[in-house]
Protein chains: 2
Amino acid sequence: MNYQKYVQMLKAMADPNRLKIIDLLSCGSLCACDILEHFDFSQPTLSHHMKVLQTADIVAARKEGKWQHYTLRAEFIATFKQDTARLLASDQRCVCHTNACQECVSGKAVITNEET
Amino acid sequence: MNYQKYVQMLKAMADPNRLKIIDLLSCGSLCACDILEHFDFSQPTLSHHMKVLQTADIVAARKEGKWQHYTLRAEFIATFKQDTARLLASDQRCVCHTNACQECVSGKAVITNEET
DNA sequence: TTATAATATAGATCTCTATCTATGTAAGCG
DNA sequence: CGCTTACATAGATAGAGATCTATATTATAA
């Protein structure tokens with residue numbers, strides 16, 4: 001689990017406007033001008049948000065003529081779901097990834113699964 | 001899907017220290033002093049982070065003598081997983097929740113599932 | 001080539017937030 | 001009671017980030 005990458009994704013998602021952009025893109029690819037229609041902020045602000053989403057590897061861009069088409073990355077969807085599942089694993093096994101958990105070290109946590 | 005609540009959870013999680021706290025708590029309940037041992041920041045800073053996590057309904061606190069015991073809320077785990085799954089639904093159906101998606105309105109998105 | 005349309009970049013500003021020190025509160029102990 | 005321990009609150013500060021206006025870039029069309 002790539003802690004840093006997961007935090008970067010969370011940060012990129014933790015803005016209502018960017019979350020809405022991700023939601024819009026879950027319908028399929030859109031160009032910048034189409035996305036912009038759904039918001040009140042300016043075009044440079046959208047450009048900024050799209051850059052944040054690209055830097056976090058959430059969104060991919062491909063240029064076609066004058067237009068920039070944005071798409072949700074399949075790898076982001078898979079990675080984010082997987083990391084979330086691991087962080088919030090609901091089985092009894094301690095899944096702390098910090099390597100600093102006293103519970104894990106002391107064995108107080110219920111570890112029921114010996115594989116891996 | 002409660003958009004605002006989901007954003008609040010994402011914001012609370014989108015800090016490396018708070019994410020580590022969540023990870024530590026996935027091993028089971030811990031008191032503030034135990035959590036603090038895993039970090040370099042001051043006690044008031046931890047107090048601040050715990051408040052953010054409580055306000056987002058990620059963590060529950062119960063006082064026992066001098067100690068504050070913190071636990072991950074089961075409802076948070078369920079809600080966050082569910083909202084994430086809905087946002088990033090991998091089927092072909094458009095799952096945009098913004099009520100503003102032109103793709104959805106125009107029917108360009110592939111809607112394969114007619115149940116609700 | 002000139003004009004227009006789509007997008008990016010630069011720089012400024014204002015708000016939010018993570019952190020600190022200092023202090024307050026509350027519980028247990030001698 | 002006074003002391004210590006565990007935690008919260010208040011207030012200040014420094015850095016990050018969301019937004020804007022102005023301008024640059026790139027592509028197409030007339």
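Just so it is clear: chains get the letters A, B, ... in the order the sequence lines come, proteins before strands, and each one is counted from 1. Since the structure is predicted, the reported quantities are computational estimates derived from the model, not experimental observations.
For the pair A:T71/A:L25, no side-chain contact is recorded, criterion being any heavy-atom separation below 4.5 Å from C-beta on. You'll find the side chain of A:Y3 stays beyond 4.5 Å of the side chain of B:P16, heavy atoms only.
A donor-acceptor pair shorter than 3.5 Å can be found between the side chains of A:Y6 and A:T84.
Atom NZ of A:K66 is separated from atom C1' of C:dA8 by 15 Å (rounded to the nearest Å). One atom, CG of B:L46, and another, P of D:dT9, lie 13 Å apart when rounded to the nearest Å. B:L19 has its CG atom 13 Å from the P atom of C:dA18, to the nearest Å. One interatomic measurement links the two molecules: NZ of B:K11 to P of C:dT17, which rounds to 6 Å at whole-angstrom precision. In this structure, CG of B:L30 is placed 16 Å from C1' of D:dC7, rounded to the nearest angstrom. Distance, B:Q68 CD to C:dA27 P: 11 Å, rounded to whole Å. To the nearest angstrom, P of D:dA16 lies 19 Å from CG of A:L10. When rounded to the nearest whole Å, the span between CG of A:D34 and P of C:dA5 equals 16 Å.
Checking side-chain atoms of B:K5 against main-chain N and O of B:T79 turns up no donor-acceptor pair under 3.5 Å. When atom types are taken as modelled, the side chain of B:K20 and the backbone of B:H38 share a donor-acceptor pair closer than 3.5 angstrom. Counting only distance, with no hydrogens or angles, the side chain of A:S47 and the backbone of A:P44 share no donor-acceptor pair below 3.5 Å.
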What protein N or O atoms touch nucleotides 19-22 of chain D N or O atoms at under 3.5 angstrom, if any, and at what distances?
from	atom 1	to	atom 2	distance (Å)
D:dT19	OP1	A:N17	ND2	3.0
D:dT19	OP2	A:H49	NE2	2.2
D:dC20	OP2	A:S42	N	2.8
D:dC20	OP2	A:S42	OG	2.8
D:dC20	OP2	A:T45	OG1	2.7

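Residue-level contact check: B:Y70 touches the backbone only, with heavy atoms under 4.0 Å from sugar-phosphate atoms and none from bases.
Closest contact between the side chain of B:K63 and the listed nucleotides C:dT7, D:dA8, C:dA26 involves C:dA26. For A:R18, whose side chain is taken as the heavy atoms from C-beta onward, the closest listed nucleotide among D:dT28, D:dA6, D:dA18 is D:dA18.
For A:H49 and A:F41, the gap between ring centers is short of 6.0 Å.
Between A:W67 and A:A14, the residue anchored nearer the 5' end of DNA chain D, judged by the nucleotide with its closest heavy atom, is A:A14.
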